[in-house]
Amino acid sequence: MSESPSLMISPGPHLKAELTTKQIMWWVNASLVPLFCWAITIYGLRVVGLLISGSLGALVGEGLVNYLRKQRQTMLDGSAVLTGLLLVGTLPPGMPLWMPSVGGFVAIVFAKMLFGGLGYNVFNPALIGRAFLMATFPLAMTTTWLKPFEAVTQATPLNVWKLEGVFFNNTLHLFLGLRSGSVGEVSVLLILIGALILLFKGIIKLYIPLSVLAGLLAIAFFSGNALFQFLTGGLWFGAFYMATDYVTAPINPKAQVIFGLGIGILTGIIRLWGGYPEGICYAILIMNAVTPALNHWFRPTRPEQMGAPS
Amino acid sequence: MDMQDELSTFSRGGIVTDDRKTLTSGKPIERFVPKEVVIPLIQHLGNPCRATVARKAKVTRGDRIGNAIGGVPIHASVSGVVKRVALQPHPTLVEAEAVVIETASELQEPVWEEVSNWEELSKEKMLEQIADAGIVGLGGATFPTHRKLNLPEGIKVDTLILNGAECEPYLTSDHRLLLEQAKDVVWGAVLIAKIVGAQRILIGIEENKIDAAEILNKAIAKINPSQKVFVVICKTRYPQGSEKQLVEALTYRAVPSGKLPMHVGVLVQNVATAVACYSAIRYRKPLLDRMITVTGRGIMEPKNLIVPIGTLVQDIVDFCGGLHPRTVKVISGGPMMGKALGRLDCPVIKGTGGLIFLTVEEVRREHYGPCISCGRCLDACPLGLEPNQISIYTEAGRQLETESFGTKECFECGCCAFVCPAMRPLVQFIQVAKQSFMTREVMHV
Ligand code: SF4
Ligand code: SF4
């Protein structure tokens, strides 16, 4: 009899589907590439600096907390970088290059690692990062939008509407992203392309994004120009990239629809009747807070009896 | 038979995966007889057997060598001389008492005489012959078949389902059995249907075995039984071959949790068990051999084999060209629900469904991470349980609070852990939680 090799003993199942957490995170990062390439094209190379700055801040935060807590290093699992990139996606392209670092660091350390790390956070870290920057550097956060292809500042269409009551009247430009706005939000078209990649890889489902859009539309009819409301601001970026974050959104499809509608409606309310021109960031954070309750109310039903005897 | 418009399947959860069956699906079943067999006296649910032979006894293939009170007997699977009766390695129990038989130099199949009037035997007579033959469920559960077929008072079954789904990836021996012994399969089904009084027989196979449908239909036409027999083709989807899922796929009847298929008028039998019953009723032939798929990248020559019960895994490895140098894992059974073997010197027993040899590339060894609430496990669970919650609570030492997530109902199909991107060992967490419930119940009694 030949020598027995040393055999691994582990419980079943002994096969595993392809997709891992790490792959999911890197796929989401990858799906942002077209979007950011567009931002670099219209707002210039400084966008690269912002992206590096934001992800570095996030990576340092993640690495530091893991190091101090002596736990397994998770810097390369793709989720810290993703938080950094998503944060920069919500920032105006003309802001000082060091600022996203601060936001990324705060996002990771306070909104993710202090809650226990990936999987345990209640609020979307990138949006907490943005909210922090908004509170700390309000001027830079509201005045450094750039005009496409020209290195001069220009207020966003939502700002112009809020302050002067004037609508941006080129729908095609809104759709393609030929306007001033945050780094990741401007091109609806490219957000849709990124979303298609994620749909194709089975990473996101449509329950949340579609309900966010529907919720906003329901309110936007009161604004006199629903199409403008629909195509502008961070709505699409928020709907497809922020609200779909697994950890901070409910699991059950029905709960996801409520969650999405809530975000859309709150966004509309903040925009129309609130003090800020843009509302999606706070709308998502508010609905994040509702997620645990939604998870508790909506659970899978276990069929006692399905179908009739044949 | 009418053509099926649409393939049947169960309604909820499950997974579709590369089934890797082509490694062996085209290979006819080969017979292999080793020089020595190790036949454990405990092989299935129920009481273990006591040896009725001692060292140096001469035995013939088919002789009874172990009896159990209330259990099923065990037979010599080869002719030869008993070398010893002693503790030996066991595939699931680490070690157990076993009869070791050295195979006589020439292998002879005894002559199995046909029972006169075998088609007309009474129900009791058939059950008795099945019990004497030592037959247990060969689909994995290893429950004594004569007991499963002896329905309790008041239970009526109108449909017999023959389970030919073989939904676990890699395994192909049931498929080969359908192709090579279709007539025996149908005969087995007809006889079992007689025992339980079912008027309808549904033979469920998955789409990847569609070539078996034609052969089965021919066999049915030839035998022309009094019951209605249909071959039903299901979508290839795991765990189609699990009893409740198959019942739903084929009859649209849902088996409530905590109940068995017979409570909705259905009895399920595996195809290999049906063939064993047929041999037991027609020839009084005991269950002596086991058909297994030997496969995976870790074995040099994958094969479908029929081996005497008690054949050592190591001998099968040698017969199949040896191990690949990078083999790190050997699974007894299917890759989803089977068990990893720690050693190769243990025998094939009645419940061994296959041997799968995986190389280091096919096995994942990354750390598992935290639950990211992606919901994939909820989508995959055929029962609508919440393995994510069970795992989180169990990780926190709160496993006794998991009952409402379905811990006790889980049948450990592994779909949830298969899809989990965080690679959480969900089935293991569930087993831990189940164990705690059991311990608590014992302590409260
Ligand atoms: S192992 Fe249990 S919890 Fe997981 S999918 Fe199967 S039945 Fe559901
Ligand atoms: S599949 Fe894994 S990560 Fe996703 S919800 Fe279930 S346990 Fe959590």
Side-chain angles (χ1 to χ4, degrees), chain A residues 1-25 27 72 74 77 79 116-121 202-205 207 244-253 255-256 291-292 295-296 298-310, chain B residues 11-12 15 17 169 248 251-254 256-257 264-265 314 318 322-323 327-331 335-345 356 358 363-367 369-375 378 381 383-386 388 406 409 412 414-415 417-419 421-423 425 427-428 431:
Chain A
M1 221 182 245
S2 55
E3 185 80 357
S4 273
S6 68
L7 295 175
M8 272 172 66
I9 299 285
S10 61
H14 306 282
L15 299 179
K16 175 72 195 64
E18 267 312 309
L19 213 56
T20 64
T21 304
K22 197 167 162 178
Q23 285 164 340
I24 291 175
M25 296 301 169
W27 268 109
R72 193 152 53 86
T74 49
D77 71 3
S79 91
L118 180 68
Y120 296 96
N121 49 303
I203 292 172
I204 60 169
K205 288 185 184 166
Y207 298 108
T244 51
D245 171 36
Y246 292 146
V247 176
T248 54
I251 293 191
N252 185 286
Q256 291 182 344
T291 293
N295 275 338
H296 185 76
F298 292 89
R299 305 257 307 271
T301 44
R302 263 175 260 157
E304 277 296 307
Q305 201 73 44
M306 30 188 173
S310 68
Chain B
S11 62
R12 175 170 201 152
I15 54 168
T17 173
E248 195 209 339
T251 67
Y252 303 103
R253 297 181 202 177
S257 76
V264 296
Q314 181 64 59
D318 294 341
L323 292 181
T327 303
V328 291
K329 203 172 193 186
V330 181
I331 301 156
M336 295 298 291
M337 291 180 80
K339 208 174 163 280
L341 293 178
R343 49 202 298 179
L344 298 179
D345 53 358
I356 300 168
L358 299 179
V363 176
R364 279 194 202 235
R365 287 190 291 184
E366 285 167 59
H367 292 275
C371 171
I372 55 169
S373 299
C374 70
L378 301 174
C381 180
L383 300 183
L385 314 182
E386 293 170 78
N388 56 334
E409 284 163 59
E412 299 176 18
C415 291
F418 176 83
V419 297
M423 286 186 278
V427 177
Q428 213 179 357
Q431 287 167 342

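Letters go in sequence order (proteins before strands), and every chain restarts at 1.
Atoms OH and CD1, on Y246(A) and I203(A) in that order, are 6.0 Å from each other to the nearest 0.5 Å.
For residues 6-17 of chain A, there are no salt bridge (charged side-chain N to carboxylate O under 4.0 Å, His left out) pairs, not counting sequence neighbours.
Side-chain atoms of E412(B) and V427(B), non-hydrogen and from C-beta on, do get closer than 4.5 Å to each other. In this structure, M336(B) and I15(B) have side chains that are in contact, with non-hydrogen atoms separated by less than 4.5 Å.
For L118(A), the parts lying under 4.5 angstrom from a heavy atom of chain B are both the backbone and the side chain. The contact between C374(B) and chain A is made by backbone and side chain atoms together, counting heavy-atom distances below 4.5 Å. Proximity to chain A (any heavy atom under 4.5 Å) is shown, for M423(B), by both the backbone and the side chain. Both the backbone and the side chain of I372(B) come within less than 4.5 Å of a heavy atom of chain A. Contact of P425(B) with chain A is not made at all, since no heavy-atom distance falls under 4.5 Å.
The candidate from Q23(A), E18(A), K22(A) with the greatest count of non-hydrogen atom pairs under 4.5 Å with chain B is E18(A). Most heavy-atom pairs under 4.5 Å with chain A, from the set T17(B), L341(B), V330(B): that is L341(B).
Judged purely by distance below 3.5 Å, without hydrogens or angles, the side chains of D77(A) and T74(A) never pair a donor atom with an acceptor atom.
The side chain to side chain contact (heavy atoms under 4.5 Å, CB included) check on V363(B) picks up M8(A), V328(B), K329(B), L358(B), R365(B), with sequence neighbours excluded.
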